[in-house]
Participant: 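Provided herewith is a single structure, encoded as structure tokens, for subsequent inquiry.
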Amino acid sequence: MMGSEIPGLAPGRTGVMAVVNLTPDSFSDGGRITSVAQAVDTCSAHLKAGAHILDLGGQSTRPGAVEVGSAVETERVAPVIRAVRQRLGPEPVLSVDTFRADVAEAALQEGVNWVNDVSGGSHDPAMLPLVARWRCPYVLMHRRGDSRTMDNLAHYEDVVGEVETALLRRTATARAAGVESRQILWDPGLGFAKTTHHNLAILRCLPRLASHGYPLLVGPSRKRFIGAVLAQPDPCRRSWGTAATVCKAVAGGAAVVRVHDVAAMAQVAAMADALWRPPRDGSFLAEPQPQADP
């Protein structure tokens, strides 16, 4: 399932994962989706805008977020997954953003393809055996602590080396639980127990992480470190900064970028692919018709 064998990914193309927050308290768009019908409309719009994977989450992971529990999280995501499958069919690639095994299992039973776990299997000991049984793609992310404690744990002597070591250790734990290497994607966890300096260092060193052979998922979208660099406190006004980080992620070898502004970032990713991942035969997917502009 490595690389192009993972649903939603194709050779030479960066996968665009659309954030679909079904929460009232996510950091930039919490509370915008208030019904199942609205969630399905949002998913349909993201697909039309160029998303390859839809990442549905019912638990905010922003700093300071309160954990709502499995029952509430499942009630937020399961009906939406069911409705997306009923209306949009089996083709859209769906991911559930959860660190709880029972929520992941409910989502998988409703037709989700991927599990995206911000805890890398450390929050719930049942998660890795579940992923092993289902043989689904599994995003294993690096973080320290949880939403309430992670900001106090952003202390590293060598952030890239320590993130790399932690990902290798969690991967070894996953493999020991029966998860196959071909199922695993790595997420370095931008913004999770990391300062602006740490996030920028990781983005500069993505090739080092990519060298281990696990497809990288990078999620910079609208995050606080972009706001710090741009002096922009409003997350919804960080699209240009997000675009720059998406370009850097593609250049650094990311297989997937997780974004809020799907239409814009799908174009950014496509152009970045043309620059850093041109087809081997030198061709493009479609040659434009002659225009008046240069």
Side-chain angles (χ1 to χ4, degrees), residues 1-9 14-15 17 19 52-53 55-57 59 61 93-105 107-108 112-147 150 153 156 159-194 198-199 202-203 205-221 223 249 252-258:
M1 199 181 293
M2 292 288 282
S4 62
E5 298 176 34
I6 296 176
L9 302 189
T14 302
M17 174 182 274
V19 177
H52 306 115
I53 308 112
D55 192 38
L56 294 87
Q59 166 66 62
T61 55
V93 177
L94 305 183
S95 168
V96 62
D97 180 3
T98 185
F99 45 71
R100 295 187 175 95
D102 53 355
V103 177
E105 184 162 31
L108 288 162
V112 150
N113 307 98
W114 295 30
V115 173
N116 180 14
D117 180 2
V118 299
S119 81
S122 64
H123 183 93
D124 186 342
M127 179 65 87
L128 295 176
L130 172 75
V131 170
R133 289 197 304 274
W134 279 83
R135 298 179 181 273
C136 59
Y138 178 63
V139 182
L140 187 155
M141 197 189 84
H142 173 273
R143 77 169 181 180
R144 289 178 173 175
D146 57 27
S147 293
M150 61 185 180
L153 299 174
Y156 305 87
V159 65
V160 177
E162 290 174 56
V163 167
E164 179 182 41
T165 297
L167 287 170
L168 287 167
R169 287 175 177 167
R170 292 309 305 166
T171 298
T173 301
R175 297 284 291 112
V179 180
E180 298 180 21
S181 292
R182 66 191 183 91
Q183 294 176 248
I184 297 171
L185 300 92
W186 276 6
D187 181 346
L190 297 178
F192 288 80
K194 297 170 186 76
H198 296 145
N199 292 312
I202 289 169
L203 282 166
C205 294
L206 287 176
R208 176 172 168 180
L209 298 178
S211 69
H212 292 277
Y214 297 100
L216 293 184
L217 184 151
V218 180
S221 187
K223 286 192 173 175
V256 187
V257 290
R258 184 177 181 273

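Positions are given from 1 along the sequence.
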Participant: What heavy-atom pair brings M150 and R144 nearest, and what distance separates the two atoms?
Facilitator: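 Between these two residues, the closest heavy atoms are CB-O, 3.2 Å.
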Participant: At their closest point, which heavy atom of L140 faces which heavy atom of A174, and how far apart are they?
Facilitator: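 Closest approach of L140 to A174: CD1-CB, 4.3 Å.
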Participant: So, taking the atom named CG in L130 and the one named CZ in R100, what distance separates them when rounded to the nearest 0.5 Å?
Facilitator: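 It comes to 14.5 Å.
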Participant: In terms of heavy-atom contacts, does CZ of R133 have more than 12 from other residues, nucleotides or ligands at under 6.0 Å?
Facilitator: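 Atom CZ in R133 is crowded, with more than 12 foreign heavy atoms closer than 6.0 Å.
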Participant: Roughly how far apart are L217 CG and I53 CD1, rounded to 0.5 Å?
Facilitator: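 Between L217 CG and I53 CD1, I get 7.5 Å after rounding to 0.5 Å.
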Participant: Sub-3.5 Å donor-acceptor pair from the side chain of W134 to the main-chain atoms of E105, do we have one?
Facilitator: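 Answer holds: no.
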Participant: Working to the nearest 0.5 angstrom, can you tell me the gap between R175 CZ and L168 CG?
Facilitator: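 CG of L168 is found 13.0 Å from CZ of R175.
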Participant: Testing the basics here: between S95 and N116, what is the closest heavy-atom pair and its distance to 0.1 Å?
Facilitator: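 The answer is OG-CB, 3.5 Å.
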Participant: Are the side chains of V131 and C136 in contact, using a 4.5 Å heavy-atom criterion?
Facilitator: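 In short, these two side chains touch, coming nearer than 4.5 Å.
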Participant: Quick one: salt bridge (Lys or Arg N to Asp or Glu O under 4.0 Å) partners of R258, sequence neighbours excluded?
Facilitator: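 R258: salt bridge (Lys or Arg N to Asp or Glu O under 4.0 Å) contacts with D55, D97.
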Participant: Which value, rounded to the nearest 0.5 Å, describes the distance between L190 atom CG and L203 atom CG?
Facilitator: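 Result: 5.0 Å between the selected atoms.
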Participant: So which atom in V218 and which in A254 form the shortest heavy-atom distance, rounded to 0.1 Å?
Facilitator: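 So the two residues come closest at CG2-CB, 3.7 Å.
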Participant: Does a side-chain heavy-atom distance below 4.5 Å link L56 with V96?
Facilitator: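 A side-chain contact is absent here, since even the closest heavy-atom pair is not under 4.5 Å.
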Participant: Hey, does the side chain of N199 reach the backbone of G191 with a donor-acceptor pair shorter than 3.5 angstrom?
Facilitator: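 At least one qualifying donor-acceptor pair exists.
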Participant: Indicate whether any N or O donor in one side chain lies under 3.5 Å from an N or O acceptor in the other, for H212 and E164.
Facilitator: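 Looking only at side-chain atoms, E164 and H212 do form a donor-acceptor pair, the distance falling under 3.5 Å.
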Participant: Tell me the closest heavy-atom pair linking V257 and A249, and the distance in Å.
Facilitator: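 Residues V257 and A249, closest heavy atoms: CG1-CB, 4.1 Å.
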Participant: Is any side-chain heavy atom of V103 closer than 4.5 Å to one of Q59?
Facilitator: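 Not in contact.
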Participant: Between the side chain of Y214 and the main-chain N/O of T171, is any donor-acceptor distance below 3.5 Å?
Facilitator: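 No.
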Participant: Minimum heavy-atom separation for V179 and A132, please, with both atom names.
Facilitator: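 Residues V179 and A132, closest heavy atoms: N-CB, 3.7 Å.
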Participant: Sort out for me which residue in H142, R143, H198 forms a side-chain contact (heavy atoms from CB on, under 4.5 Å) with F192.
Facilitator: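 With F192 as partner, side-chain contact (heavy atoms from CB on, under 4.5 Å) holds for just one option, R143.
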Participant: Sort out for me which residue in M127, M141, R170 forms a side-chain contact (heavy atoms from CB on, under 4.5 Å) with D117.
Facilitator: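 It is M127; the other options fail the test.
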Participant: Please round to the nearest 0.5 Å and tell me the distance separating atom CE of M17 and atom CG of D187.
Facilitator: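 Rounded to the nearest 0.5 Å, the CE-CG separation comes to 9.0 Å.
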Participant: Which residues satisfy the side-chain hydrogen bond (donor to acceptor under 3.5 Å, both in side chains) test with T14, sequence neighbours excluded?
Facilitator: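 Per chain and number, T14 pairs via side-chain hydrogen bond (donor to acceptor under 3.5 Å, both in side chains) with D273, R277.
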Participant: Any heavy-atom pair between the side chains of L185 and W114 that's under 4.5 Å?
Facilitator: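 Yes - at least one pair of side-chain heavy atoms lies under 4.5 Å apart.
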Participant: Tell me every residue that passes salt bridge (Lys or Arg N to Asp or Glu O under 4.0 Å) with D124, counting only those two or more places apart in sequence or in another chain.
Facilitator: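 If we apply the salt bridge (Lys or Arg N to Asp or Glu O under 4.0 Å) test to D124, skipping adjacent residues, there are no hits.
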